[in-house]
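Throughout, a chain's letter reflects where its sequence line sits, starting with A, and its residues are numbered from 1.
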Number of protein chains: 2
Amino acid sequence: MNIGEIARRAGVSRSTVSYALSGKRAVSAATRRRILQVIDDVGYRPNASARALAEGRTRAVGLVIPPAGRRLTPIQLGFVADVVAAAGRRELDVLLSPSGGEHDRSFERMVRGRRVDGVILMEVRLRDARAARLRESGVPFVAIGHTADAATGYWVDLDYHGLVASCVRHLADLGHREIALINRPRELLDSGYGPARRALDGFNAAAAARSLSATASCCPDEATAGETCMEDLLAARPGLTGLVTVNEAALPGIERALRRLGRAIPRQISVTGVVGRHWAEEFHPPLTAADVPITDMAERAVDLLAERMAEPGTPPRHVLLSQPISLRSSTAPPP
Amino acid sequence: MNIGEIARRAGVSRSTVSYALSGKRAVSAATRRRILQVIDDVGYRPNASARALAEGRTRAVGLVIPPAGRRLTPIQLGFVADVVAAAGRRELDVLLSPSGGEHDRSFERMVRGRRVDGVILMEVRLRDARAARLRESGVPFVAIGHTADAATGYWVDLDYHGLVASCVRHLADLGHREIALINRPRELLDSGYGPARRALDGFNAAAAARSLSATASCCPDEATAGETCMEDLLAARPGLTGLVTVNEAALPGIERALRRLGRAIPRQISVTGVVGRHWAEEFHPPLTAADVPITDMAERAVDLLAERMAEPGTPPRHVLLSQPISLRSSTAPPP
DNA sequence: GCCTGCTGTCGAATCGATTCGAGGCATCGC
DNA sequence: GCGATGCCTCGAATCGATTCGACAGCAGGC
């Protein structure tokens, strides 16, 4: 069932069918009605490949996700679903491509095979090979997180520096003097993963500004690791009364360790940070934290990409999202 | 940069370039070398839309995920990543489509617009509108879970009935007499979601066979709900010594409730079930459970789909996976 | 009554690949 | 020396849409 068959049944030419559907030229009401009737009867839809070939665009975008090896965190996974939903609202389909090692072929197929009109790149590093390839191939893309040359690209990012700093100030205002940061895994920090870097910088800067005694540590994205990390931290710094974390996956372990060591939250130790809302609410007691606005980020990323696809020549733009701290009940003045 | 340009530069016709790449007809070694050299120099890749139009297939598959509204469980999310990886190994791209309500358009675009050669349908219900539409449109598809007419379709499923039954028998063998099941949310059970139904059936059948006193309850996919559910269960059945669950998201809450009520695992209460491996390992103590083999399921689903796409006429086939119970340390004889 | 302008429709070119039939050119056998 | 046989390569048709130029028919202005 193709456009020719529709044209035949409606007694018009193929071009008239096309115009009736797209509205790019006037078609008389009677003809239009007849065509739509036939289309409805047989359940016709234009072939996506043929249309893409003729139009020179595919009406699809690529979403490059982090390597499958490292398990995706719930935040990242929620983000994928939100991107798909936001793209759907603009009649765009989403092609998934894992990145890294053996999956380069998939990336190549997508980009050089012109399978997509644009790409959203998740978890970008400060210097990022995929971003460089996209830039050189001329495919419009939006990065989640920014690369070293922040000024030249399109990106959406969360202001981890500012958010972690306000967590620190929140603790300082309550009277805490000795605090710690539980960051994302060390290999992410070392490979120049922006959020981890900026969380650390924001933590150190704000702690220095308030002359707090501050310790920063890294922790794998797992509950068991969070438990160990929390124990080590308390062993090294028994006087600790305030904790900031950007590692949501570690939260259950942190909670477990504190309970086991008999440190009540928030009576004896306050906990805050930047994590997905779901995780903050499942913490015990509910975590006072800046909730990562993934739905927002997904929507802004798709908006930005759509804009860039529509007008390829436009100058770089970016969105740096912030988010107020939601006061729940995991922070209090120190004992 | 298209095939014509490559042909021009290599001094051959377009068809020769095509044959050199596909190997469908012999091309002399010298010509072939010359063509590949040019292709390598300019970084050419065939345009995916043009190829799809000519070949009549897109080399892409669709993955229909559960509605974004209901949060995806970690198992489902891991499954998405695994499907993408498995498809990538077969040079297939993956298009994501949310299902339900407002996202019908996306489904329609994919299926009727011939954007994909086949579809994997997640979280299928016993009677499922999406499966019916795929069947009528003639697009090959593989369901995760099976529909009411199990014999007529392609599907991959986990033997929840058998697995939950062996959990029950495991508890019975240890000497437990009073056990309970914590199932997935009630609305899933009521809407005919297979795993929830079969878990319940398997639980009841095995408990009856061993004449155990058994209670089954449903629980939303959330930690806080798990906590409440566990409390209610113990209030109603103080003599409970064995627990089976297929709700991984509830696990942290179950753990919390048992700890708070002073019931040690496994000394006073044994816990087992069917959950993602990651969750079993993060439980405290590590959960003796049948690990959901998502990577396996993803691979089998892609295999089955590829097979069906290659030979559309083949008779229905399905794979019912089982999985041995991994003995960890959350079960013991009753006190 | 003729020219102008507008509306609605058509035919043909185009997008970039694959694939089929046909034919050129050696090589080989007799 | 001539026809048959393979091996390579080419030209043209095809896939199913979009889009542009052309044109028929009709209304309105002078």
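The side chain of A:S28 places an N or O atom within less than 4.0 Å of a non-bridging phosphate oxygen (OP1 or OP2) of C:dT9. At least one side-chain nitrogen or oxygen of B:K24 sits closer than 4.0 Å to the OP1 or OP2 atom of C:dT19. Under 4.0 angstrom from either OP1 or OP2 of C:dG16 there lies at least one side-chain N or O belonging to B:N2. A close approach under 4.0 Å does not occur between any side-chain nitrogen or oxygen of B:T16 and OP1 or OP2 of D:dT9. The side chain of B:S15 contributes no N or O atom lying less than 4.0 Å from OP1 or OP2 of C:dT19.
When distances are taken from the side chain of A:V12 to each of D:dA17, C:dC10, D:dC8, the shortest belongs to C:dC10. Checking C:dT19, D:dG16, C:dC10 against the side-chain heavy atoms of B:S18 singles out C:dT19 as nearest. In this structure, the nucleotide among D:dA17, D:dT9, C:dC10 sitting nearest to the side chain of A:Y19 is C:dC10.
Salt bridge status for A:E91 with A:R59: absent, with no side-chain N to carboxylate O gap under 4.0 Å. Salt-bridge check for B:R125 with B:E123: passed, with a basic side-chain N closer than 4.0 Å to an acidic carboxylate O. Using a 4.0 Å cut-off between charged nitrogen and carboxylate oxygen, B:E5 and B:R8 count as a salt-bridge pair.
The interatomic distance linking B:R8 (CZ) with D:dC10 (P) rounds to 15 Å, in whole Å. The CE-P distance, from B:M1 to C:dA17, rounds to 10 Å in whole Å. Put simply, CZ on B:R45 is 17 Å from P on C:dG16, counting in whole angstrom units. Distance B:E55 CD to D:dC15 C1': 11 Å, rounded to the nearest Å. Rounded to an integer number of Å, the gap from CD1 of B:I39 to C1' of C:dA17 is 13 Å. Summarising the geometry, the separation between CZ on A:R112 and P on C:dG16 is reported as 17 Å, rounded to the nearest angstrom. Computed from coordinates, the A:L21 CG to C:dG8 P distance equals 17 Å when rounded to whole Å. Protein atom CZ of A:R51 is 18 Å distant from nucleotide atom C1' of C:dG16, rounded to whole Å.
Two residues, B:L53 and B:R14, neighbour DNA chain D, and the one matched to the more 5' nucleotide by heavy-atom proximity is B:R14. In terms of position on DNA chain C, the residue among A:A54 and B:V17 whose nearest nucleotide sits closer to the 5' end is A:A54. Two residues, A:R32 and B:Y44, neighbour DNA chain C, and the one matched to the more 5' nucleotide by heavy-atom proximity is A:R32.
There is no side-chain donor-acceptor pair under 3.5 Å between A:S15 and A:R25.
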Original post:
Yes or no on side-chain contact (heavy atoms from CB on, under 4.5 Å) for A:V80 and A:I65, after CA distance, side-chain angles and deciding distance?
Top reply: CA-CA 8 Å; A:V80 171; A:I65 60 179; 4.0 Å; yes

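No more than 12 heavy atoms of other residues, nucleotides or ligands sit less than 6.0 Å from atom CZ of B:R32.
A:T31 comes within 4.0 angstrom of the backbone, heavy atoms only, and of no base.
The base of C:dT19 does not come close enough to the side chain of B:R25 for any donor and acceptor atom to sit less than 3.5 Å apart.
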